[in-house]
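Note that the numbering runs from 1 along the sequence shown for the chain.
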Amino acid sequence: MALITHVKWSRFNLYDRLIASLGTTVSSELLELALTHRSYAYEFGGLPTNERLEFLGDSVLGLVVTEELYTKFPDLDESRLSPLRSGVVNMRALAQIARELDLGQYLRIGKGEETTGGRDKNSILADSLEALVGAIYLDKGFAETQNIILNWFRPTIESASAQGLGLDSKTALQELCAARSLSTPEYEITESGPDHDKSFTAIAVISNEKFEVGEGKSKREAEQAAAKLAYDKLNARTS
């Protein structure tokens, strides 16, 4: 009994450090659910997973960032707001925030994912961050969740504004390639995961050169991420 008590105390003591980094409290039940990946749940007899919280958190996150962009950029139309949002909220950006929170160390994942580096996979970190947003929303309501999300994303939004990411990344890359007499960018797409939870990766190919992998939950998001990575690399080179 003493050992079980110690293990339980240690786990929630660990969660206390996560809560401190969030700047808010979250019920232990919701927090543990948000951190439970399906690989762990399946190994332990079909426990509840964080996927429902992820579904909820994705919507809350999208609403908060969309409202912020709508308010901050009153002169941008939908055709520029949409790619700007994709440049701010995507798998890579979510995973980066999760890493800043050290979220990976708190995840409950299965042995298979553990051995293949699941604690640092972009897809798992991004999904878990969305689940965490869902948990905060259920426990604290919209206003407090909005403040937390904006604390995470305001630097990214400011950076996006400064770098002109209101422009479509694919279009910007195509124009850069034309200016440098390079071939029109093409994209190699791969997909993985079940139909209800697919992930996509894309690689921009320009004049036979392959650039870094972009990730997303849709083909468009993955292509935009890949285009941004290729644009940044090309733009850093001398003409």
Side-chain angles (χ1 to χ4, degrees), residues 3-4 6-22 26-62 89-139 148-149 152 188-203 212-219 221-223 225-226 229:
L3 176 60
I4 294 174
H6 173 71
V7 170
K8 184 176 181 181
W9 180 87
S10 297
R11 189 171 70 224
F12 285 103
N13 184 55
L14 184 68
Y15 290 169
D16 285 345
R17 294 197 290 274
L18 173 59
I19 288 172
S21 68
L22 294 176
V26 185
S27 77
S28 58
E29 293 79 10
L30 280 173
L31 187 57
E32 187 162 275
L33 180 59
L35 299 172
T36 302
H37 187 255
R38 63 175 176 269
S39 62
Y40 181 94
Y42 294 162
E43 286 186 13
F44 286 86
L47 297 173
T49 76
N50 64 3
E51 291 178 353
R52 280 170 51 85
L53 283 177
E54 176 198 339
F55 172 78
L56 176 62
D58 176 61
S59 296
V60 175
L61 183 61
V89 182
N90 53 60
M91 184 185 295
R92 186 181 292 268
L94 293 176
Q96 180 57 37
I97 291 171
R99 289 188 180 97
E100 291 170 3
L101 294 171
D102 289 327
L103 196 61
Q105 70 170 304
Y106 306 108
L107 298 179
R108 301 206 296 172
I109 60 176
K111 294 178 182 177
E113 286 291 354
E114 188 78 68
T115 58
T116 58
R119 294 186 185 277
D120 196 49
K121 286 183 180 177
N122 280 353
S123 58
I124 291 178
L125 288 174
D127 290 347
S128 299
L129 185 72
E130 289 177 337
L132 182 59
V133 169
I136 296 171
Y137 172 75
L138 288 178
D139 202 40
I148 291 171
I149 291 171
W152 291 341
E188 296 181 355
I189 307 293
T190 58
E191 62 180 69
S192 60
D195 289 342
H196 70 282
D197 189 27
K198 283 192 176 298
S199 296
F200 295 85
T201 63
I203 297 175
E212 293 180 59
V213 176
E215 298 175 292
K217 293 187 176 181
S218 67
K219 290 181 181 179
E221 183 177 305
E223 287 178 346
L229 291 168

[X] side chain near [Y] side chain, heavy-atom distance below 4.5 Å:
X: T36; Y: I109; value: no
X: L18; Y: L31; value: yes
X: L229; Y: R92; value: yes
X: L132; Y: S128; value: no

Just how far is it from atom [atom1] of [X] to atom [atom2] of [Y], taken to the nearest 0.5 Å?
X: M91; Y: T201; atom1: CE; atom2: OG1; answer: 9.0 Å
X: S28; Y: L33; atom1: OG; atom2: CG; answer: 11.5 Å
X: L22; Y: W152; atom1: CG; atom2: CH2; answer: 6.0 Å
X: D58; Y: E51; atom1: CG; atom2: CD; answer: 13.0 Å
X: S123; Y: L94; atom1: OG; atom2: CG; answer: 11.5 Å
X: Y106; Y: E32; atom1: OH; atom2: CD; answer: 14.5 Å

Query raised in the report: Given L101 and L129, is the side chain to side chain contact (heavy atoms under 4.5 Å, CB included) satisfied, shown in steps?
Result: CA-CA 9 Å; L101 294 171; L129 185 72; 3.8 Å; yes
Query - Cationic N near anionic O, under 4.0 Å, E43 to K111 - result: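 Looking at E43 and K111, the cut-off is not met.
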**Report entry** Residues E113, K121: salt bridge by 4.0 Å N-O rule
**Finding:**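 So E113 pairs with K121 through a salt bridge.
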Closest heavy-atom contact between [X] and [Y]?
X: G112; Y: T116; value: O-OG1, 3.1 Å
X: Y40; Y: R108; value: CB-O, 3.2 Å
X: G110; Y: S39; value: N-OG, 2.8 Å
X: V133; Y: L61; value: CG1-N, 4.4 Å
X: A225; Y: G214; value: CB-CA, 3.8 Å

Query raised in the report: Any donor-acceptor pair under 3.5 Å linking the side chain of E130 with the backbone of L56?
Result: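 No.
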Query - Any donor-acceptor pair under 3.5 Å from N90 side chain to G216 backbone - result: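 No; zero donor-acceptor contacts below 3.5 Å.
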Requested in this report: Establish, from distance only, whether the side-chain atoms of E215 and N122 form a donor-acceptor pair under 3.5 Å.
Outcome: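 N122 and E215 do have a side-chain donor-acceptor pair below 3.5 Å.
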Query - Step-by-step side chain to side chain contact (heavy atoms under 4.5 Å, CB included) determination, F200 to I189 - result: CA-CA 7 Å; F200 295 85; I189 307 293; 4.3 Å; yes
Report task. With sequence neighbours excluded, tell me which residues meet salt bridge (Lys or Arg N to Asp or Glu O under 4.0 Å) with R99. Result ->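 R99 satisfies salt bridge (Lys or Arg N to Asp or Glu O under 4.0 Å) with D120 once adjacent residues are dropped.
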Query - NZ/K198: more than 12 non-hydrogen atoms of other groups inside 6.0 Å - result: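 Enclosed: over 12 neighbouring heavy atoms sit under 6.0 Å from NZ of K198.
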Query raised in the report: Between L30, I148, V60, I149, which is the residue that forms a side-chain contact (heavy atoms from CB on, under 4.5 Å) with Y137?
Result: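 Checked L30, I148, V60, I149 against Y137; only one passes side-chain contact (heavy atoms from CB on, under 4.5 Å): V60.
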Query raised in the report: For A131, which residues count as a side-chain contact (heavy atoms from CB on, under 4.5 Å) partner, sequence neighbours excluded?
Result: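 Applying side-chain contact (heavy atoms from CB on, under 4.5 Å) to A131 gives A34, N50, L53, E54.
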**Report entry** Check against salt bridge (Lys or Arg N to Asp or Glu O under 4.0 Å), R38 and D127
**Finding:** CA-CA 11 Å; R38 63 175 176 269; D127 290 347; 5.4 Å; no
